[in-house]
Student: 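One structure, as structure tokens, below. Some questions next.
Predicted model only: the values in this text are computed from it and were never measured. Chain naming here is simple, since letters A, B, ... match the order of the sequence lines and numbering starts at 1 in each.
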2 protein chains.
Amino acid sequence: MIASQETQRRPRGSLSRQSIGAAALRVIERDGLDSLTMRRVASELSCGVMSLYSHLTDADDLRGVVVGQLIDRMDLRPCEGESWQDATRRMLSTYADLAASFPRSFELLALAGADQRPVAPNMERLVDLLVAAGLTEEDALIALSVIDAYASGFLVIAVRNRPTAASVERAAPHQHDRLARLHHLDSYDVGAEVVIAGLEQRFEGRRSGRKQ
Amino acid sequence: MIASQETQRRPRGSLSRQSIGAAALRVIERDGLDSLTMRRVASELSCGVMSLYSHLTDADDLRGVVVGQLIDRMDLRPCEGESWQDATRRMLSTYADLAASFPRSFELLALAGADQRPVAPNMERLVDLLVAAGLTEEDALIALSVIDAYASGFLVIAVRNRPTAASVERAAPHQHDRLARLHHLDSYDVGAEVVIAGLEQRFEGRRSGRKQ
DNA sequence: ACCTGAACACCGTTCAAGT
DNA sequence: ACCTGAACACCGTTCAAGT
């Protein structure tokens, strides 16, 4: 027992913000957002807890790394000759797809402070996308503000109330709760069209010289 | 030291969901949402941690009690002869006032699952308010879905990015970040009018026989 | 520069016990 | 029925130390 200590030491370069982020994402989607802890991620990577601190400043930074992972997984390439309405629809459905793919991590992105490192550049890209589709920068900022608030609010609430295996089990078969329909994904598209119609009216109203 | 043990025992009736909720709200607004713990609330009430479990099932229930406190503090009485547009404006500004008054607790309400006990009855009240203002129940549910998602998303993000004393200190005086304006309270009203305009168009469009 | 374990001050919750 | 302390299995992070 004294000889050749078997404690495997992790090779030097095998840890990075990237690999930690991927592991963190796996932990959340498997075990839930509350399970995103330094210790669980270290265990997922089979490394000591303190090894993470060579790449992260603190637990908040760990959440930031996950936000980066999510942004990386959201592809929204510019598309030539697209109306701003269609660009908006594409943004909204890309966002919803991301929420569906990573339901338990999604709120980290949706509610992330603008100060989180990877968020601001992504927002800039979205503004540019709307400007490329013909909006003024002023209008693009207004549109993005409403779109982001609507989509973030809707999707975070939808994802939090997402039926679990347990809740489906215990639900009465004919539970006709009128509120249950409120945040289901059908109404996401309805709300999207409401927001787009409202923006159309605002932008056209301004162009034809009306006040406000 | 042996005589008359001084350990003050709390009188029997002095703890309740109500008083625990009020203490929890104080803790959050003073120390932040991360400080909402069983132990801190017990300390705020000068009682043993385990005393809380006579009134709460678990930590999740503690957050539920805070949600109840917030709903109690949101007064939104029905108002005779009000258009649904004005009722919507009143709902949106009441919600914003609540976020301003309880910035660190607000997200517990805004993102609460519909399963949290006090949330559903409150939603029912809001539906009734819109129906009283002339909408069909179908339209009221659509309106509330969009309004709630927009307001919750906007206000939670705004409140999370709310400038702290520290961040104001370190901000450059002429930092003209175009994204900074995105989630400030001026744009809240802009977005509110966009949503209302979109709903108007949808409801009027349907009334005049157009499809969708 | 990167990885590690021990130690400390927290946390929720179970259990057994007081009144 | 309501209140309590000790104990247990967690948590983030500091520190001192290995390579």
Side-chain angles (χ1 to χ4, degrees), chain A residues 1-28 30-67 104-105 108 116, chain B residues 1-28 30-67 104-105 108 116:
Chain A
M1 299 306 182
I2 300 165
S4 81
Q5 57 216 65
E6 302 260 18
T7 55
Q8 305 196 48
R9 225 186 151 75
R10 181 162 265 276
R12 289 283 281 222
S14 65
L15 240 42
S16 66
R17 288 178 73 85
Q18 181 78 18
S19 66
I20 293 172
L25 202 54
R26 284 198 304 276
V27 169
I28 300 176
R30 191 206 313 126
D31 303 327
L33 191 49
D34 290 341
S35 300
L36 181 69
T37 68
M38 292 295 215
R39 292 172 126 101
R40 298 272 276 238
V41 171
S43 150
E44 175 82 11
L45 290 164
S46 308
C47 73
V49 198
M50 292 316 298
S51 308
L52 301 177
Y53 285 84
S54 298
H55 306 270
L56 307 173
T57 66
D58 55 17
D60 219 70
D61 196 21
L62 177 60
R63 286 181 282 272
V65 168
V66 174
V67 172
R104 307 176 113 171
S105 322
L108 288 180
Q116 295 243 228
Chain B
M1 299 307 181
I2 301 167
S4 80
Q5 57 217 64
E6 302 260 17
T7 55
Q8 305 196 46
R9 224 185 151 77
R10 180 163 266 276
R12 290 283 281 221
S14 65
L15 239 41
S16 65
R17 289 179 73 86
Q18 181 78 19
S19 66
I20 293 172
L25 201 54
R26 286 199 304 276
V27 169
I28 299 177
R30 190 208 312 127
D31 303 327
L33 191 50
D34 290 341
S35 301
L36 181 69
T37 67
M38 291 297 214
R39 292 172 125 100
R40 298 273 275 238
V41 171
S43 150
E44 174 81 11
L45 290 164
S46 308
C47 72
V49 199
M50 290 317 298
S51 309
L52 301 177
Y53 284 84
S54 299
H55 305 270
L56 308 173
T57 67
D58 54 18
D60 219 71
D61 196 21
L62 177 60
R63 287 182 282 272
V65 167
V66 174
V67 171
R104 307 176 113 172
S105 322
L108 288 181
Q116 295 243 228

Student: Going through the checks in order, is the side-chain contact (heavy atoms from CB on, under 4.5 Å) test met by B:Val66 and B:Arg63?
Tutor: CA-CA 5 Å; B:Val66 174; B:Arg63 287 182 282 272; 5.6 Å; no
Student: Starting at atom CG of B:Leu52, determine the distance to atom P of D:dC2, rounded to an integer number of angstrom.
Tutor: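 Rounded to the whole Å, the gap is 14 Å.
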Student: If pairs are Watson-Crick or G-U with both distances under 3.5 Å, what is the dot-bracket string of DNA chain C, marking crossing pairs with [ ] and pairs to another strand with |?
Tutor: ||.|||||...|||||.||
Student: Taking NZ, NE, NH1 and NH2 as the nitrogens, is one of them in A:Arg17 or A:Asp61 under 4.0 Å from a carboxylate oxygen of the other?
Tutor: yes
Student: Tell me whether the OP1 or OP2 atom of D:dC2 has a side-chain N or O from B:Ser51 closer than 4.0 Å.
Tutor: no
Student: Measuring from atom CD1 of A:Ile28 to atom CZ of A:Arg104, what distance do you get when rounded to the nearest 0.5 angstrom?
Tutor: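 Atom-to-atom, A:Ile28:CD1 and A:Arg104:CZ are 10.0 Å apart.
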Student: Table please: side-chain donor-acceptor pairs of residues 40-52 of chain A below 3.5 Å, with sequence neighbours left out.
Tutor:
unit_1	atom_1	unit_2	atom_2	d
A:Arg40	NH2	A:Ser35	OG	3.1
A:Glu44	OE1	A:Arg30	NH2	2.4
A:Glu44	OE2	A:Arg26	NE	2.9
A:Glu44	OE2	A:Arg26	NH2	3.4
A:Glu44	OE2	A:Arg30	NH2	3.0
A:Ser51	OG	A:Gly48	O	3.2

Student: Quick check: closest heavy atoms across A:Gly21 and A:Val65, and the distance to 0.1 Å?
Tutor: CA-CG1, 3.2 Å
Student: Hey, could you give me the CD1/CG distance between A:Ile20 and A:Leu62, rounded to the nearest 0.5 Å?
Tutor: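 Going from the CD1 atom of A:Ile20 to the CG atom of A:Leu62 covers 8.0 Å.
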Student: Under the 3.5 Å rule, do the base of C:dT19 and the side chain of B:Arg12 count as making a donor-acceptor pair?
Tutor: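 Yes, a donor-acceptor pair under 3.5 Å.
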Student: Which atoms form the tightest heavy-atom contact between A:Ser14 and A:Ser19, and what is the distance?
Tutor: O-OG, 3.8 Å
Student: Quick check on C:dA1: is either OP1 or OP2 less than 4.0 Å from any side-chain nitrogen or oxygen of A:His55?
Tutor: no
Student: Tell me, for nucleotides 7-16 of chain C in 5' to 3' order, what letter each nucleotide earns: B for a base near a protein heavy atom under 4.0 Å, S for only sugar-phosphate near one, - for neither?
Tutor: B---BBBBB-
